[in-house]
Novice: 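Before I ask anything, here is the structure I am working with.
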Amino acid sequence: MRNKRAGISLVALVVTIIVLIILTAAVIVTFMEGGIIEKAKEAVFKSDIRTYQEILAVKNAENMINLATGNGEGGLYNATELAEIQAIIPEFKEEYKDLIAISNGEIVLGSESKEPYSTWLAELGIGVAKTSAVALMEEGDYVKYSIPEGERKTYNITEKLGAEATDWIFNDVDGDYWDIGEYEEGENIIGYNEGIKWRVLKKDGSAVTLVSVDPVENIYLYGEQGFTKGPGALDAICQEVYGGRNLKVEDVNEVLKYEPVPYYYNSEGNQVNKEIGFTLGDAIAEAEWDVSGWSLPDDYEDLELYYYYNKSACTEASEIAKDMIFRDKYYWLSSSCALVGFSGDYADFYVRRVGGDYVGTYYLYDSGGYEDSSVFGLRPVVTLSSSIQVVDEEAGGDTQETAWEIK
């Protein structure tokens, strides 16, 4: 008994080591095959995608506001390449490239489908890109579109602009362009026209812009107030009643693929041609005119120079584009311009319009204070998201009878 030693047998030690090895292997397998590491990876991935969706939603909203108000290019985003996506979502991780893309303002499956990412994306409700109405529509197509009933409003010029506005703008409901007659109470109230028809003015892949088939309303503009406040009032009317804005000269130039040449006359009476963007303020500074006696609007320095052009000059435009822009009924554009006269000692101020077969202007007042007036229609413009769908993808839209019906 005195020679007995306490301890553990070699067999017990071996058994213990084997058990530890088995347990360690089980833990490693648990981590490596769908265990904690995989769950953590899934959680991070899904969190990233949700973050990207939130960022994209904000960017889309900003762009659609810009597009609808005419403050710049906009619409819903589309992007497939890594650099394109990171330009929209700077936080986007390079390791996710090709797994997802952006289509019609939404996160969708990318060009590469592999597990477990495909499963995780499906669990987030992310699938393949949908075919939008924008992809089916072509320039000039007719579209059945009606402002949602709850959004239809009227525009009362007196309430919006004040009673004095009826001296320079009102809705001439009798439709007589050349003889406006006497203003009557109630004629300045403009409401949504249920029978209005629309065509596709242009599309950029992320949105489609519609324009009324024919001019609507008959808006009277007069004198300096009509010149300075008129274009903004025309946009405000279209925004309130039709949910968009009025057609602008920039839209017309883009659709007709024409680059007009603005110009003014110098003191010798010679025409001086300039590039788009050259303003009256630039012309006055360049020619060193004395304008101390001129009657000028507050923002005269920013006014673009005068130009006009005929339908025959638009050799690059399609016949469909020409048919959309040039109408029998004249209409105002929400754009102003100015022209320095032949002697260089006065300026004329215009609101742009389209009439018959030319893009031109109508004179409203000059720097000497003389005023004029006229009545023309409006061309409301609305921008729709590319998320819209058509009821029948085979319906077409090349005539009013086959106009696209959207949902």
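Every value quoted in this text rests on a predicted model; they were computed, and no experiment measured them.
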Novice: Any non-hydrogen side-chain atom of Ile196 less than 4.5 Å from a side-chain atom of Pro380?
Specialist: yes
Novice: Can we say Asp214 and Arg327 salt-bridge, meaning some charged N sits less than 4.0 Å from an Asp/Glu carboxylate O?
Specialist: yes
Novice: Do the side chains of Asp282 and Lys274 get close enough for a salt bridge, i.e. N-O under 4.0 angstrom?
Specialist: no
Novice: Side chain of Thr402, backbone of Gly396: donor and acceptor closer than 3.5 Å?
Specialist: no
Novice: Checking the side chain of Arg152 only, and the main-chain atoms of Ile147 only, is there a donor and an acceptor separated by less than 3.5 Å?
Specialist: yes
Novice: Hey, does the side chain of Glu405 reach the backbone of Lys144 with a donor-acceptor pair shorter than 3.5 angstrom?
Specialist: no
Novice: Can you find a heavy atom in the side chain of Trp332 that is under 4.5 Å from one in the side chain of Pro215?
Specialist: no
Novice: Please confirm whether Tyr192 and Tyr242 have ring centers closer than 6.0 angstrom.
Specialist: yes
Novice: Would you call Lys203 and Asp141 a salt bridge, using N to O less than 4.0 angstrom?
Specialist: no
Novice: Is it the case that Glu91 and Thr51 place a side-chain donor and acceptor less than 3.5 Å from each other?
Specialist: no
Novice: Could you go step by step and tell me if Asn188 and Thr166 meet the side-chain hydrogen bond (donor to acceptor under 3.5 Å, both in side chains) rule?
Specialist: CA-CA 8 Å; Asn188 61 340; Thr166 57; over 6 Å; no
Novice: Within 45° of the six-membered ring axis of Tyr362 and under 6.0 Å from that ring's centre, is NZ or CZ of Arg353 located there?
Specialist: no
Novice: Which residue in the set Thr383, Asp251, Thr209 passes side chain to side chain donor-acceptor pair (under 3.5 Å) when paired with Lys202?
Specialist: Asp251
Novice: Would you please test Tyr264 and Tyr306 for ring-ring contact (aromatic ring centres under 6.0 Å, His included) and show each step?
Specialist: CA-CA 7 Å; Tyr264 71 90; Tyr306 175 96; over 10 Å; no
Novice: Taking Thr154 for its side chain and Gly191 for its backbone only, find out whether a donor-acceptor pair lies under 3.5 Å.
Specialist: no
Novice: I'd like to know if Glu319 pairs up with Lys322 as an ion pair, taking the criterion as any Lys NZ or Arg NE/NH1/NH2 lying under 4.0 Å from an Asp or Glu carboxylate oxygen.
Specialist: yes
Novice: Taking the side chain as everything from C-beta on, heavy atoms only, tell me whether Lys114 gets closer than 4.5 Å to Leu99.
Specialist: yes
Novice: With distance as the sole test, does Arg245 use its side chain to make a donor-acceptor pair with the main-chain N or O of Val381 at under 3.5 Å?
Specialist: no
Novice: If only atom types and distance count, is the side chain of Thr228 paired as donor or acceptor with the main-chain N or O of Glu224 below 3.5 Å?
Specialist: yes
Novice: In Å and rounded to the nearest 0.5 Å, what is the SG to OH distance from Cys337 to Tyr307?
Specialist: 8.0 Å
Novice: Is a side-chain donor or acceptor of Asp299 paired with a backbone partner of Asp302 at a separation under 3.5 angstrom?
Specialist: no
Novice: For residues Pro260 and Ile276, determine if any side-chain heavy atom of one lies less than 4.5 Å from a side-chain heavy atom of the other.
Specialist: yes
Novice: Using the ring of each side chain (for Trp, its six-membered ring), is Phe376 parallel, tilted or perpendicular to Tyr330, with breaks at 30° and 60°?
Specialist: tilted
Novice: Could you walk me through whether Phe45 and Tyr96 satisfy the ring-ring contact (aromatic ring centres under 6.0 Å, His included) test, starting with their C-alpha distance in whole Å, then the side-chain angles of each, then the deciding distance to 0.1 Å, before giving a yes or no?
Specialist: CA-CA 9 Å; Phe45 179 77; Tyr96 299 156; 5.0 Å; yes
Novice: If we ignore hydrogens and angles and just use 3.5 Å, is the side chain of Asn266 paired with the main-chain N or O of Ala287 as donor and acceptor?
Specialist: no
Novice: Closer than 3.5 angstrom, by distance alone: can the side chain of Asn310 be matched with the main-chain N or O of Tyr358 as a donor-acceptor pair?
Specialist: no
Novice: Could you check whether any side-chain N or O of Asn171 sits under 3.5 Å from a backbone N or O of Ile190, counting only pairs where one atom can act as donor and the other as acceptor?
Specialist: no
